[in-house]
> 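This structure is in structure tokens; I'll ask about it shortly.
In what follows, chains are A, B, ... by sequence order, proteins preceding strands, each numbered from 1.
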Amino acid sequence: MDNNLELSMNQEIHKFPQSKYVDAVRWISPLSAFDKFVVMAVHDTDSNVSSIDIQSLNLSNQPTLNFQSSWSLTSRVSSLEVSQTPNKPIIAASTFEGSLHFLLVHPVDVSLDSELSVTENSFHNGPISGIDLLSNGSGCVSVGEDGRVNLVNLGDSRLDYRRIFDSQGLVSYTAVKWASPTEFVTGGLGFSLQWWDQRKPGGMVSQFNGGWACGDTSGIVHSVDIHQSRKHVCVAGGSLGTVFAWDLRWPQQPIILSGTGSNELAAHSPSASEVWEVQYDCYKQSSSISNTSSARVLPVLMCSEDGVLAVVEQGEEPIDVLVEPCAINSLDVNPQNPSDVICSLEWESVAFITRQ
Amino acid sequence: MPGILSENNNALVPFSPEVRDPIVYHLHQTPKPPISRLSISWSRGNCLLVSFFRTKTPSSESEANSEENSDEEIGGKVVEVKLSSENGEVDDVQRRKIAYGSVSPFALLQSRKISAAALPNMLMGSSNRIDWWQHIMEYSTDIKALLENSKMPPSSVIEDPMEVLQIGEEPTSLKAAWELLEIFYADKQAQPWLPERLVDWLADYDSLLSSTMTTVHSKLVDLQKELVNLPAIEDDPKYWEGLSSALAVGWLDIVVKLLRLHGSYQLDQLGNRETENGLVEAVAVLVSKMPRMRSELDDSVLGECFKSKPDFMKSWEKWRGQIAKLECSGFWIQCDHRQTREGLKNLLQIMLGNSNILNTVTCHWLELYISNFLYIRPFTMGLEGMYSLAQKCMQVKPLSNTHCLMGLIHGILGDNIEVVLAECSRSFGPWMVSHAIELLTAGNTQAEILLHEERYNLGGISIEELHRLVYAQVLSSHPLTWQIAPVYLTSCTKQGMGLLEILLYKQPVIHNQLLLKVLEICRLYDLYSISSTIMKIAGVYHWKHGRKGSGVFWLQQAQDEVRLNKIAQQLFDFVGKPISDNSFKQWEGLIELLGSEARTAGGLEFLHKYRDFKKSLQQVQDGKAREAAQQAIESLILLMKNPSTPQRFWLPLLHDSLMFLNWQEQPLLNVSQTNLLLNKLQELSIARMRPDYVEADLPSQALGSVRLALATNLGRAILKE
């Protein structure tokens, strides 16, 4: 509790009402880096228009979000990713209709220049549930509930895609994350995780089956993250407030960081509901670097349906960063300045948190 | 409901029969005639769906316009018409913002109510009642904060001496109404100085009334515009008019500011207008020393504040005496400036409570009412006294154009809760009513009985519940606000849960995210049967749309054995076909999902064992003979023993195992195992006679070769034993 109080004193929270539903939010770091920029996928339910908006975050004593540019889409965005190469930022957005769009951002005046997209019916059948861009923006992997895993190669002005796997709907995938330019991890129903290697075609290489959930209830993995420096460990967040780490070296023993599914942790779990997104918290890591041995899982930021944004760490009490009366649907840690976190709230607003 | 609404005398919801001007909506993109039929229906929220049905156009005509509208206008078209809201002051976005923000204060107050009700009556002493007032005020303050129009513009650091009236952001009637209710019903601490609260209220919201009539505020706005252009303002009758109006309604700071703009204060004039200036300053000082009965801590207004009545009366008499003394002073004769002399005397008359002058300088009854409080009857107490005074003022200054706030004030002063509710509902809508009821019932037993009484003509619910239900329906009709409707529905004891169930069932299950949000609400309110039904719906939906894994997952979550068994039969059709290694990869994930035997899987647990068998079979083929073969035999026996293994798999399983039956080195099956398999084979041969038997997709001699292999194996096994 003391710890909690201390933390809340050392952070500033600003909320920006949006008048539209915010589906996802990400930081974007173009070259003109005096301002901070945020890209969000918004949906206007009254006019049924979806768009990708870029806004600049102005940090005076009364911070404001100022509209920069916008690109409208034909369907609602299901997943949003940004490649953080400053001289060539690319925004990738997948939709509920199964199309995938790449928006090229002008690196200096931060406007949306042009679009490349895959809209064929043969790409995904139904909503794309997760995408991830390679950090250099040259490739994007997409997964869907239809059980397809596709890989899109981005050229200068054209793109092509190939199907890596198709389970014909027998298995649905709900999240994906690159581990290296050739390997990636997917998450799915029943707290399952799959490890894929492009060099070994024909299906996944390794699978983790989350049969450890209590009783008859299981859950869905909503988000996966992998740290650049430790690609053999991935963290996943999903139903029942669950955050767990999967270490490829011990693939059958998940390290559970939070969740009501397991008895020992249930009392300390910051959330009992869907964990919509998890990300490694590089900020927390730098503050307690002394006791991070390589066996320990790095601290993780999570946001949940019951309105909690918290840091969970192996063997430590979770720390609430933000507690809201409504769901927190997505979060992003600023890669250039990990003390900054932005998250989107159910009630048509965005919250910006800066930790000191 | 429409039937009841038309009979006005026992209407459920306050319904205004006034016919407003019809609003015309223009439809764009309507199909070209001929249109044979038109159908109009309600869509979600305040949307209308207008469907056009076209008659089949003759072929010649369709050719003529086939180029422009070949695909869209064959059968007709549906157009959505969004009806705009009545209240133009608060737009949809703002209204949603208010709806979101009021959830927490409302929920907090409800939970406090519940815990207070749980306390035994003995403990509900006076201290608890004070606590309760604090809770109500906390609630009211939280709600009021939401009604701010937007952030105040940054005020400039340098004060403009000419700016007597600060014009900030335009206030809203909604906030004005809320504040009125707070003053009269919630803020018990302010009861002794109710009139003074009204003075402040009018100062904040008089500008709202300017839209329909002249007010003191509009007069001052006009004056302010002219101030800059006037060389000697004291010559202008408007200056004195504005001064006396502002004084009459008690805006003392404006009066003092205006007085100090008097020409006699200018340095070059000070010499020859000394007496005049002295008089102006004397009046200004008297104005700023006016005794007021209000909280002493409040230093936002001019005047001397007194909390207790005796102190106030004493100083009031003293102040009046000072004014009377100044009135009779000899200095007036020495003042040459006629306008100044008359204007200042006028101000003194106002402060002495000259009712004729007060009548002329105020614009509408409310202003007159306030001036009466301030200067004629400063000791008015109690609602009754206030009401009779209000009626007198209304006789003097009847209102031709009624503002929505006037009806509300009238209802409040008349102590008529029904009128107050009806006015809130008519002018401000369901949000206002359902939230304001909390203030109305706070500590007012009469109102509490009226609003909490269960009524037969409302179907056994109370007025309070009715209004909450209406508001919850409004919330439910919008895709972004339906999620907060449960907070209000669960506070309705009679019909809330029923409507909540309907609301939850109505939500689409197409996308997992929305589905999970619905399930989370079920979890919060312990609605397990609903969540299981919704999961079943989702399971069937996904299954139907080819997402077999999702279908199985949701049915498993719902523990729906019946449907899982049905699904299993369909799945076996796929598996029944000889599956190649490649397609087996696709099955892996689904089988993993089915998990261990403890989990509900219906007939699907067979798949798990089948997978084990196939795996060992594959290993044998890869050359890891011996142990793998033994393992495969074990799986085979398990499968054949298990009652959940469908009969149609028996032959394919045995056929797949032919090579074990004919194992070169030694017989792998012992006698009893072989007998079991032979028995199964026999059963199968009998079953084949039945008409509903499904023939496996195998070579015709399969059965024969299996039988032969089993017989051979039996012989070898007997020999070995």
> Nearest 0.5 Å, please: how far is CG in B:L515 from CD1 in A:I220?
7.5 Å
> Is it the backbone or the side chain of B:L519 that comes under 4.5 Å from a heavy atom of chain A, or both, or neither?
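Contact with chain A: none, neither part.
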> Might you work through the side-chain contact (heavy atoms from CB on, under 4.5 Å) test for A:H222 and B:L516, ending with a clear yes or no?
CA-CA 11 Å; A:H222 298 303; B:L516 290 166; 3.2 Å; yes
> Go through the steps for A:N329 and B:K517 under the test side-chain contact (heavy atoms from CB on, under 4.5 Å), then give the verdict.
CA-CA 11 Å; A:N329 290 323; B:K517 283 177 194 283; 2.9 Å; yes
> Atom CD1 of B:I510 and atom CD of A:E145: how far apart are they, to the nearest 0.5 Å?
11.0 Å
> Supply the atom-to-atom distance B:Q513 CD to A:R76 CZ, rounded to the nearest 0.5 angstrom.
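Rounded to the nearest 0.5 Å, the CD-CZ separation comes to 7.5 Å.
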> I'd like to know which of A:C326, A:S349, A:G169 tops the heavy-atom pair count under 4.5 Å against chain B.
A:G169
> B:S550 and A:L189: which non-hydrogen atoms are nearest, and at how many Å?
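So the two residues come closest at CA-CD1, 3.5 Å.
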> A:E274: what forms a salt bridge (charged side-chain N to carboxylate O under 4.0 Å, His left out) with it, not counting sequence neighbours?
none
> Write down the atom of A:S19, the atom of B:R96, and the distance for their closest heavy-atom approach.
O-NH2, 3.5 Å
> Over 60° means perpendicular and under 30° means parallel, so classify the ring planes of A:W347 and B:Y100, tilted if in between.
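Geometry flag for A:W347 against B:Y100: parallel rings.
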> Between CG of A:L240 and CZ of B:R523, what distance do you get to the nearest 0.5 Å?
8.0 Å
> Does any non-hydrogen side-chain atom of B:P479 lie less than 4.5 Å from one of A:Y21?
no
> How about residues 121-129 of chain A versus chain B: which residues have heavy atoms under 4.5 Å apart?
A:P127
> Verify side chain to side chain donor-acceptor pair (under 3.5 Å) between A:S273 and B:E520, making sure each step is shown before the conclusion.
CA-CA 7 Å; A:S273 180; B:E520 167 73 4; 2.7 Å; yes
> Quick check on B:H542 against chain A: is it the side chain, the backbone, both or neither that has a heavy atom closer than 4.5 Å?
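Interface part for B:H542: side chain.
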> Distance from A:S172 atom OG to B:N512 atom CG, nearest 0.5 Å?
8.0 Å
> Should B:Q556 and A:S218 count as side-chain neighbours, where that means a heavy-atom distance under 4.5 Å?
no
> Less than 4.5 Å to any heavy atom of chain B: does that hold for the side chain of A:A327, its backbone, both, or neither?
side chain
